[in-house]
Amino acid sequence: VDDSYKVLDIELESINILIKEGKKFKVETDSDNVSLKEVGDKLLITNKKENWIPKKVDSDIVIYVPNSYVFDYVIL
């Protein structure tokens with residue numbers, strides 16, 4: 001995961017989204033149904049499969065963002 005994104009676009013279902021402060025920009029998940037895609041200066045985070053029924057409903061995605069990091073847009 002790069003650290004020069006201006007837009008963060010999160011389009012996820014059936015997962016807990018946690019945004020925490022970190023030393024560098026980083027994304028971690030325990031789900032096998034999360035896709036990260038770079039589109040220009042945008043990071044798009046989506047489910048790999050539509051209408052996906054999770055095997056466990058307590059999956060998490062953690063997005064670590066440095067305190068000084070500023071996005072132009074965050075889409076949830």
What's the separation between atom NZ in K20 and atom CD1 in I63, rounded to the nearest 0.5 Å?
12.0 Å
Rounded distance (nearest 0.5 Å) linking atom OG of S31 with atom CG of L12:
8.5 Å
Check E21 against Y64 and note the closest heavy-atom contact, atom names and distance.
O-CD2, 4.1 Å
Tell me whether L43 is reachable from V39 by hopping between hydrophobic residues (I, L, V, M, F, W, Y) whose side-chain heavy atoms are closer than 4.5 Å.
no
Measuring from K48:NZ to N33:CG, what's the distance to the nearest 0.5 Å?
7.0 Å
Give the ring-plane orientation class for F25 versus Y5, where under 30° counts as parallel, over 60° as perpendicular and anything between as tilted.
tilted
Quick one: CD on E11 to CD1 on I75, what's the gap to the nearest 0.5 Å?
7.5 Å
Applying side chain to side chain contact (heavy atoms under 4.5 Å, CB included) to I15 and T29, what does each step give before you reach the verdict?
CA-CA 9 Å; I15 192 167; T29 184; 3.8 Å; yes
Is there a side-chain contact between I61 and L18 (heavy atoms, below 4.5 Å)?
no
Verify same cluster id: V34, V74 (apolar side-chain graph, 4.5 Å)
yes
Compare all side-chain heavy atoms of I45 with those of D9 and state whether any distance is below 4.5 angstrom.
no
Hey, what do you get for OG (S35) to CG (N47), rounding to the nearest 0.5 Å?
9.0 Å
Test side chain to side chain contact (heavy atoms under 4.5 Å, CB included) applied to V27 and V62, step by step:
CA-CA 6 Å; V27 178; V62 183; over 6 Å; no
From D60 atom CG to D30 atom CG, the distance as rounded to the nearest 0.5 Å
5.5 Å
Indicate, with yes or no, if the rings of Y73 and F71 have centres closer together than 6.0 Å.
no
